[in-house]
2 protein chains.
Amino acid sequence: MLAHIRSLFAEKRLRCTSQRTDVFAALTSTKAHPTAEQLHRMVQERSPGTSLATVYNTLDALCESGLARRVPTAGGVARFDADTSDHLHAVTADDEVMDVPTDLCNEVLCSMPAGLRQRLESRLGTPVRHLSIQFSDGPVE
Amino acid sequence: MLAHIRSLFAEKRLRCTSQRTDVFAALTSTKAHPTAEQLHRMVQERSPGTSLATVYNTLDALCESGLARRVPTAGGVARFDADTSDHLHAVTADDEVMDVPTDLCNEVLCSMPAGLRQRLESRLGTPVRHLSIQFSDGPVE
DNA sequence: GTACGTGCAAAATGTTTGCATCATT
DNA sequence: AATGATGCAAACATTTTGCACGTAC
């Protein structure tokens, strides 16, 4: 496990420190999409000295190198995800971020018009990283 | 125009103040997805006294009542949109939020599996407001 | 007239940065 | 040995809140 992380880091030319492996391990250990704060708490349990700033720095480095991803939420808190493959996030009414179950996800991705991303990028003239569907509000809340 | 805003507000039981109509007018006047800060600047031009806190309060009230919507971005700044119909936002590499052109948007929405939102909500057990597709990183940046 | 909105300043929250020290390569 | 990461605290940015006053209903 740790060896696996070491090789991932080496591949991306990331210096391998215990704090960084801790953060990465914490991030990959959960299906949730934790905030920096939450990751900090998770890491603290094993390595009490770790500072919040280091968690932020590490997350930056991970996102930079493509080992993690910042996921958008409507309420300005950053959430992170170690799953960097194409997949769908559902954002609930109370701003939780959940992965869409695989079968539904495939259903959606398979039904998407071919070449959508490319066509979109050429129309907009800039790379696109997320596509977000905003549902209009349902019945009164 | 102003009469129109008054009636929208009345419908939603929102008290109609000049600051609120200013903010709403500013928000509907643009296809961009402005931040609170930007809206504040826009409003200042016409009504210099308006405070940033009021802009935030107003945006809260507008989102609450369904006249506007907070749109998710990866970098923790809130952006707002007065178009509350189902539509697609493309989030670019530098965190700009752009509306997907209508034709592409229809193409996508029409090809979506039927009843997706309902099925998703029943599977997750909670209302869903956005669905966000994260594209995996393309070639090296 | 009352309930609610406003402006201001201060607080709360989330994230970044500067710098001396320490660890990985 | 050199480069870059860490921890701490302070800076910074964004959003929220408390309170006295004012305005829409």
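Please read all numbers here as calculations on a predicted model, not as lab measurements. Chain letters run A, B, ... following the sequence lines, proteins first and then strands; every chain starts at 1.
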same_hphob_cluster(V97(B), M42(B)) at 4.5 Å side-chain heavy-atom cutoff
no

If you apply the rule ring-ring contact (aromatic ring centres under 6.0 Å, His included), what do you find for H130(B) with H89(A), and how did you get there?
CA-CA 8 Å; H130(B) 311 103; H89(A) 288 144; over 10 Å; no

Spacing of [X] atom [atom1] relative to [N] atom [atom2], expressed in whole Å:
| X | N | atom1 | atom2 | result |
| --- | --- | --- | --- | --- |
| L52(A) | dT17(C) | CG | C1' | 13 Å |
| N57(B) | dC8(C) | CG | C1' | 12 Å |
| Y56(A) | dT13(C) | OH | C1' | 9 Å |
| R41(A) | dG14(C) | CZ | P | 10 Å |
| L59(A) | dT16(C) | CG | P | 10 Å |
| H40(B) | dA13(D) | NE2 | C1' | 16 Å |
| D95(A) | dT15(D) | CG | P | 13 Å |

A61(A) near the nucleic acid: base, sugar-phosphate alone, or nothing, with a heavy-atom cut-off under 4.0 Å?
nothing

For R70(B), which contact category applies under a 4.0 Å heavy-atom criterion: base, sugar-phosphate, or nothing?
nothing

Got a sec? Which of residues 13-39 of chain B come in under 4.0 Å of DNA chain C, heavy atoms?
R15(B), T17(B), Q19(B), R20(B)

Respond yes when some side-chain nitrogen or oxygen of R79(B) is under 4.0 Å from OP1 or OP2 of dT14(D), and no when none is.
no

OP1 or OP2 of dG7(D) under 4.0 Å from side-chain N/O of T54(A):
yes

When you compare the side chain of F80(B) with that of R70(B), does any pair of heavy atoms fall below 4.5 Å?
yes

Any heavy-atom pair between the side chains of R15(B) and F9(B) that's under 4.5 Å?
no

What verdict does the side-chain hydrogen bond (donor to acceptor under 3.5 Å, both in side chains) test give for D95(A) and T73(A), after you've listed the backbone C-alpha separation in whole Å, the side-chain angles of each residue and the deciding distance to 0.1 Å?
CA-CA 7 Å; D95(A) 254 316; T73(A) 68; 4.8 Å; no

Roughly how bent is the helix from dG1(C)-dC25(D) to dT25(C)-dA1(D) end to end, in steps of 10 degrees, with each end axis from five pairs?
50°

Which of the following nucleotides, dG7(C), dT16(D), dT6(D), is nearest to the side chain of S51(B)?
dG7(C)

Run the salt bridge (charged side-chain N to carboxylate O under 4.0 Å, His left out) test against D103(B) and tell me which residues pass, sequence neighbours left out.
R123(A)

Any side-chain donor-acceptor pair under 3.5 Å between T50(A) and S47(A)?
no

Evaluation steps, salt bridge (Lys or Arg N to Asp or Glu O under 4.0 Å), between D94(B) and R129(A):
CA-CA 9 Å; D94(B) 34 84; R129(A) 287 201 306 202; over 6 Å; no

Qualifying residues under side-chain contact (heavy atoms from CB on, under 4.5 Å), relative to S85(A), sequence neighbours excluded
D83(A), H87(A)

Is it the case that over 12 heavy atoms from other parts of the model lie below 6.0 angstrom from the CZ atom of R119(A)?
yes

Count the heavy atoms of every other residue, nucleotide or ligand shown that sit under 6.0 Å from CZ of R6(A), and state whether that count exceeds 12.
no

Only counting residues at least two apart or in another chain, list the ones meeting ring-ring contact (aromatic ring centres under 6.0 Å, His included) with H40(B).
none

Using a cutoff of under 3.5 Å, can you pull out all pairs of nitrogen or oxygen atoms linking the protein to nucleotides 9-11 of chain C, with atom names and distances?
none

